[in-house]
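Order of the sequence lines fixes the chain letters, A, B, ..., with proteins taken first and strands second; residue numbering starts at 1 for each chain. Everything numeric in this text was worked out from a predicted model, so none of it was measured.
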Amino acid sequence: MKATHLLRAVARRVAAAVAVLLGAATVAFAALQLIPGDPVTTMLGPFSSASPEVRARIRAQYGLGEPVWRQYLHYLGHLLRGDLGESYQVQRPVGSLIADQLAPTVQLALSALAVALLLALLTAVATAGRRRLLRGASSLLELLTVSSPSYWTGILLLTAFSFHWQLFPVAGAQDGTALVLPALTLALPMTGVLAQVLREGLETALHEPFAVTARSRGLSGTAVRLRHAARHAALPLVTLTGWLAGSLLGGAVLVETVFGRPGIGALILQATTNKDMPLVIGLVLLSALVFVVLSTLVDLLYLVIDPRLRTDQVTP
Amino acid sequence: MSRLSRRPVPLVAATVAVLLAAACGSGSGSGGGTSSSDTPVSGGSLTYAVDTEPVSWDIDVSQQDITGSIQRNVFDSLVYQDDKGQFHAWLASSWSVSKDLRTYTFHLRKDVTFTDGTPFNAQAVKTNFDRIVDPATKSQYAAGLLGPYADTKVVDPYTVQVSFTKAFAPFLQAASTPYLGFYSPAAIAKYGSKLGAGGPADVGTGPFVFSSYTKGQSAVLTRNPKYSWAPATDAHQGPAYLDKLTYRFLSQDSVRVGALRSGQVQVAKSVPPTDVKTLTPGSGLTVISKQAPGGVYNLVLNASRGPFTDQRVREAVQRGINVDADVKSVYFGAYQRAWSPLSPATVGYDSSLTGTWPYDPALAAKLLDQAGWTGRDSSGYRTKDGKRLSLVWPLMPQNLVSQQHDILGQAVQADLKKLGIQVERPRQDVGTFVKQLFGGKDDISDYSWARADPDVLRLYFNSAETPAKGGANGTFVKDPDLDLWTEQGQTSLDPATRAKYYTQVQKRALDLSLVVPMYVVSSVYGASTHVHGITADANTWLEFHDAWLGK
């Protein structure tokens, strides 16, 4: 009985995921249709010396002369068979293009996420409910990191740690040292947001009666924070982390450009400026997939953190 | 176009091999204060930071400068052209051109091999040229370089005959560009359309081998140890000195310059004008600046619509922009102001045009009065029959704006406002921009067009060369003289005859006030003083066959 219950829940999840992906592909397709201009001209650029014959050839090859609804159905058909099509610009399958660039971005995103969580946890635990000055200084710093554009942060970090002290290489993904600055750049604004939210949560929890009880049993301030308050403060943190992690892909665009790193970021930039439709939709699908996976993970984490949610339904 | 270094930039090369490194010691021994000898040293690895990354690496397909400039190291051409427009033997040891300029016969070197070990011969030439014109290749540029191509005949294993359906004078120049360089036929057969992905699949005969490519990061070229067929104009024969040449893709100006300053790269492309003065030999760095040939950065006035149908209004704009002051203040003296639509670095440039149309706001105002724009509205702009004198000059889409053209545009806007002319600068997306421009719906457009041949004037002023057809005639004018002279210039190989026509074209275009030449586009590179022997070709691209690293 319990197994079928679980199975049904999983099936519901998968169906929802497929619907989200289809929706994302459709919206992306529609958006690209609405952008003014002929796709072939956009792709070649305003001052291309390509002859009208070449343009016609490209148009025919990608079926761009067909009515929009046929292009859409055609595209959907391929999509359902798992075929993402071929990039107009690079003339390679979109699937393999993305696969080739995925690893460096995942590496960057995960490191940034880890760094952000660690830093946020450290500052929040250290400053929650403590002296005003400390708390204020930390808040100010967080606000600064959140509001600085990441390419600016990146250039500042590069100027100091790479150009001046030469501790880290400027660019590339050849080894671990090349990952430090980009990961930090991407992590800093996240750290700011997460630390603020976590501190709020901690402070609220610290005022709850259970915190008073725990302290009256002789626990130290930090221990109360970590063992008792942290669990309560974790729920909003998890939701936010999930959402922020989803947006990392967008942040990677700038960071990868500044640091000259390989990855999805450069691909996104190239695809959108050149109106490379198959590649754009492929990347939209990727980010939709990331969000679907993350929201599932967040839901599961809720169950782990909050025992009250485990009692009746498996999934909300 | 504003973004000359990025897009189509047809570069039919006349090569101006300038020993840039003279300043840092290789030729003159004068620079740097280092005691390193002038004798080149073999070995070492050089990293070169460039600002863009090729979309397609396929020289037969790509229209990008960056593709051609990197692949130049990997692919050789039939002939080499020097800065005086003279052609030299390269993969072809000699050649002849038929009287009607329709048939070119090349006698090839017999000792050249591709880096996959297969021989370079007449069949290889045929295979490559036939591939370029094959519609399936979807060539965006190389096919255009072959013009009225008819066919290529293999006369004997090392003699090849390329024919055209009509006289085609620009062919030798076209043949000197990397876009008409040669892939190993074996690589074409094996990889076909995958050549665009770059990497070891791209097999040529050049001084370097394309070893690896990491998209978004770098391309690594390594020395071709068997290379011994450099053009005679190179400083040395035999393999390149460098073991390894790495191209790093760093699109941010500050990052590129920072990487150069901290020694993480030895050469950096496109140093912004603000940084030029800080790169001094005392800092261990030096600037290599070279004027690009072809069309300068011009404001192109669309004479087919609105107020610009009146030549007096066009002339008022031409004389009412303070070009000297604007260019100086925006670029800190890094670029020279232009007097002709053609760059001084181009064969056929008319230097007598210097100073012929100086800034003269009084004259401009008089011309506008004569044209009937005598009224003034509440905002101070001139009016005629109740209509404001307003011109539309769209801003290029953000990703195509380069070299602070938007800021230079503001200076122009301010100059013209003083005369009572309103200049509107709507920001457009690529699609809208192209549609408007192709349709001749704007009053002003702005672009340069790098090309090492005065034939670029045909693209600018021949009535057949509209932007929609791949030309650059944003003036949308049909002038019989301009049409005739630009066509005649194309059908002659005689330098004197060509110079005569192109001088007339430059003068006529200015007399008709069809363009406002602004500044001469220059390629500005930063380099470590340890780097010697880098040369720049006519396209202002760096060549590395003679490059070596000193102490």
CA sep, side-chain torsions, deciding dist, call: B/Asp453, B/Gln173, side chain to side chain donor-acceptor pair (under 3.5 Å):
CA-CA 8 Å; B/Asp453 192 281; B/Gln173 271 176 322; 2.7 Å; yes
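- Proximity to chain A (any heavy atom under 4.5 Å) is shown, for B/Ala136, by both the backbone and the side chain.
- Highest contact tally toward chain A, considering only B/Pro135, B/Ala197, B/Gly196, is held by B/Pro135 [criterion: heavy-atom pairs under 4.5 Å].
- Contact annotation for A/Ile58: both backbone and side-chain heavy atoms come within less than 4.5 Å of a heavy atom of chain B.
- Ranking B/Pro54, B/Ser56, B/Gly258, B/Gly144 against chain A, the residue ahead of the rest is B/Gly258, based on heavy-atom pairs under 4.5 Å.
- Between B/Lys215 and A/Gln270, some side-chain heavy-atom pair lies under the 4.5 Å cut-off.
- Interface check for chain A: of the options B/Ala472, B/Ser262, B/Gly431, the most heavy-atom pairs under 4.5 Å are formed by B/Ser262.
- Looking at A/Gln166, only its side chain comes within 4.5 Å of chain B, counting heavy atoms on both sides.
- Residue B/Lys435: no heavy atom, backbone or side chain, is found under 4.5 Å from chain A.
- No side-chain heavy atom of B/Tyr179 sits less than 4.5 Å from a side-chain heavy atom of B/Asp60.
- To the nearest 0.5 angstrom, A/Leu108 atom CG is 9.0 Å from A/Phe259 atom CZ.
- Neither the backbone nor the side chain of B/Ser62 comes within contact range of chain A; no heavy atoms are under 4.5 Å apart.
- Not one N or O on the side chain of B/Gln266 forms a donor-acceptor pair closer than 3.5 Å with the backbone of B/Leu46.
- The residues B/Arg458 and B/Asp455 are annotated as salt-bridged, a charged nitrogen and a carboxylate oxygen being separated by less than 4.0 angstrom.
- For the pair A/Asp100 and A/Arg92, the salt-bridge criterion is met [side-chain N within less than 4.0 Å of a carboxylate O].
- If you measure heavy-atom distances from A/Thr159 to chain B, you find no contacts under 4.5 Å at all.
- For B/Tyr447 and B/Tyr460, the gap between ring centers is short of 6.0 Å.
- Looking at B/Ser218, neither its backbone nor its side chain comes within 4.5 Å of chain A, counting heavy atoms on both sides.
- Neither the backbone nor the side chain of A/Leu269 comes within contact range of chain B; no heavy atoms are under 4.5 Å apart.
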